[in-house]
2 protein chains.
Amino acid sequence: MNDVRNREGGVLTKAQPIARVTLHEELVARLRDLIVEGELAPDVRVPERTLCERFGVSRTPLREALKVLASEGLLDLLPNRGATVSRLTQADLDEMFPVMGALEALAGELACTRITDEQIAEVRALHYQMVLHYTRKELPQYFRLNQRIHEAIMDAAGNATLTRMYQGLAGRIRRARYLANMSKARWDQAVEEHEAILSALAQRDAARLGRILKQHLQNKGETVKESLAADGDRLSRTA
Amino acid sequence: MNDVRNREGGVLTKAQPIARVTLHEELVARLRDLIVEGELAPDVRVPERTLCERFGVSRTPLREALKVLASEGLLDLLPNRGATVSRLTQADLDEMFPVMGALEALAGELACTRITDEQIAEVRALHYQMVLHYTRKELPQYFRLNQRIHEAIMDAAGNATLTRMYQGLAGRIRRARYLANMSKARWDQAVEEHEAILSALAQRDAARLGRILKQHLQNKGETVKESLAADGDRLSRTA
DNA sequence: CCGTAGCAGTTTGCATACAAAATGCAAGGT
DNA sequence: ACCTTGCATTTTGTATGCAAACTGCTACGG
């Protein structure tokens, strides 16, 4: 599919469009990474000039990138006073997790109606790999697999609009999750919930999967909250 | 609250920050209106120069605004080939209404847990005013009140993150609703659903309100779909 | 001693300038 | 007649320049 016929009737498989990325596009991606990974601290003014030198570009594309990131909520732009990484407060997180819950619950419900057996098998594979990391107490790998499972369900939902909103929110939350740890009890609970997620998905039980995911996200929120409370607020002081 | 004490102990009510709006900010708002109201047709290239002359600004702030609107999904930006208003396809709408349903359902549930009697009274007032317009078959006024009711519930939910995502999606959907009409049966049904919404909200029955709103949005989606099917696809050819 | 005013340096907002890419058209070839 | 090719024009992407706003410091006055 997606082939094209030229005049003589010969078939030309449509080539991948050459990836020509404009500077501002690239800058948006790079800056987003810097912010998510905490390299740029919240509330610290980052002069445009500094960033320009860092990336070797002029101010014009950089400013375009800043505007985009501000509209995504990662930066705050004060007129005539430049950009700061927006601080993620506890209140922000309290707001974000319920929204994530609603989006993921919808994704789960939609996924149940259209997921293929192959896709379920893939989620199952990811799941068991994740459980393996759990038994080995490998938290970073666990997180990575965890994220991939949620993304796989999101993909199976087949709703690009939903995915976009999910990714936007997930990107902001990830900043917090970078710092968060997990108590043993929470980790046990999360894995149990993932067992239930897999089971509901395999049975294509939309209502149940929706409920579980909503609860799962609420618990994730609690986990992050506990972790931050324990740590002291590292979100503020990360260099 | 939010007052500030100066050195002598006198109270200074914190004044509204002077609205100094930068050009690109203003441009984002104005362009958004042009797009939502259909003044700029989908898929038509709009050269930057034209817009610059229209607004009397240079290309720099205009381009910053274009990047933001593109990140909101209202524009498509093709490298070296400028901006076009993104076409709202039937498939897009099919994706958007379920997401709206999930967001509004969450808003309803949250609202039930924190809404005050005064806020309920206000929603009730809006509701009866809306019903009045319904009995008089005043569709535009009906739409306006309808929108305000949904926004009032959103406000009552007290979740700024949720509100932002809702507004973003609502802005895009509104483009379609501008053109949509309603059959008598659909209109009757919508008003009935709004009665149920008011009732559930007044009883602060979160679960029920959530279910009703989700269904309500699904029906709205069906209504728009029918309307577009009847009209032929006006979204494509609006001048 | 504290507080304010004024000034130099910095930073931002916007306009303009220039290079690369795309578009449209006309001339030439098949 | 159609398709290709090359060139002039338009449009976009990025860099630079300039004026206005902000920042921090010093000096002056109470």
Side-chain angles (χ1 to χ4, degrees), chain A residues 4-10 12 15-31 40-71 74-86, chain B residues 4-10 12 15-31 40-71 74-86:
Chain A
V4 152
R5 283 187 180 276
N6 64 6
R7 194 159 36 94
E8 291 82 14
L12 297 174
Q16 199 78 328
I18 299 169
R20 273 188 322 178
V21 145
T22 54
L23 278 185
H24 51 261
E25 243 175 306
E26 179 72 18
L27 284 171
V28 167
R30 298 253 210 133
L31 284 169
L40 267 46
D43 283 352
V44 178
R45 269 187 70 174
V46 188
E48 293 173 1
R49 190 59 182 271
T50 312
L51 292 174
C52 288
E53 284 165 12
R54 177 162 191 170
F55 292 112
V57 301
S58 79
R59 286 177 56 217
T60 306
L62 182 92
R63 285 172 56 81
E64 291 174 354
L66 293 182
K67 298 289 176 298
V68 170
L69 293 170
S71 92
L74 288 168
L75 293 177
D76 294 326
L77 291 181
L78 302 174
N80 295 314
R81 288 203 276 168
T84 62
V85 174
S86 64
Chain B
V4 153
R5 284 185 179 277
N6 64 6
R7 194 160 33 96
E8 291 82 14
L12 296 175
Q16 201 75 334
I18 298 170
R20 272 188 321 177
V21 146
T22 53
L23 276 186
H24 53 260
E25 246 175 303
E26 179 72 18
L27 284 171
V28 167
R30 298 251 210 133
L31 283 169
L40 268 48
D43 283 352
V44 177
R45 268 187 70 173
V46 189
E48 293 173 2
R49 193 58 176 271
T50 311
L51 291 174
C52 289
E53 284 165 12
R54 177 164 191 168
F55 291 112
V57 301
S58 80
R59 285 177 58 217
T60 306
L62 182 92
R63 284 173 57 81
E64 291 173 354
L66 293 182
K67 298 286 176 300
V68 170
L69 292 170
S71 93
L74 288 168
L75 293 177
D76 294 328
L77 253 38
L78 303 174
N80 295 315
R81 287 204 267 168
T84 62
V85 174
S86 63

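Numbered from 1 within each chain, the chains take letters A, B, ... in sequence-line order.
Side-chain proximity of B:Ser58 to the nucleotides C:dG13, D:dG13, C:dT16 is greatest for C:dT16.
Computed from coordinates, the B:Leu75 CG to D:dT12 P distance equals 12 Å when rounded to whole Å. Atom-to-atom, NZ of A:Lys67 to P of C:dT12 comes out at 10 Å; the value is rounded to the nearest Å. Note: CG (B:Leu51) to C1' (C:dC14) measures 17 Å, nearest angstrom. Atom CG in B:Leu62 sits roughly 14 Å away from atom P in C:dT16 (whole-Å rounding). One can place CG of A:Leu77 at 12 Å from P of C:dC14, the figure rounded to the nearest angstrom. The CD-C1' distance, from B:Glu48 to D:dG13, rounds to 9 Å in whole Å. Atom CG of B:Asn80 is separated from atom P of D:dT9 by 21 Å (rounded to the nearest Å). What separates CD of B:Glu25 from C1' of C:dC14 is a distance of 14 Å, to the nearest Å.
In this structure the side chain of B:Leu66 reaches within 4.5 angstrom of the side chain of B:Glu48, judged on heavy atoms. Contact annotation: the side chain of B:Val68 never approaches that of B:Glu64 to less than 4.5 Å [non-hydrogen atoms, C-beta and beyond]. No side-chain heavy atom of A:Leu31 sits under 4.5 Å from any side-chain heavy atom of A:Leu75.
Residue order along DNA chain D, read from the 5' end via each residue's closest nucleotide, puts A:Leu23 first among A:Leu23 and A:Pro79. Summary of the strand contacts: A:Arg81 and B:Val57 both lie near DNA chain C, and taking for each the nucleotide with the nearest heavy atom, the more 5' one is attributed to A:Arg81.
Nucleic acid contact class of B:Arg63 (heavy atoms, under 4.0 Å, all strands): base.
Residue-to-nucleotide contacts include a donor-acceptor pair under 3.5 Å from the side chain of B:Arg59 to the base of D:dG13. Counting distance only, with no hydrogens placed and no angle test, the side-chain atoms of A:Thr22 and the base atoms of D:dT14 include no donor-acceptor pair under 3.5 Å.
Checking each of B:Glu25, B:His24, B:Lys67 against A:Lys67 for a side-chain contact (heavy atoms from CB on, under 4.5 Å) leaves exactly one that passes, namely B:His24.
Put simply, OG on A:Ser58 and CD on A:Glu53 are 12.5 Å apart, with the number rounded to the nearest 0.5 Å.
Look at B:His24 and you won't find any side-chain N or O under 4.0 angstrom from OP1 or OP2 of C:dG13. Side-chain nitrogen and oxygen atoms of B:Thr60 include none within less than 4.0 Å of the OP1 or OP2 phosphate oxygen of C:dC14.
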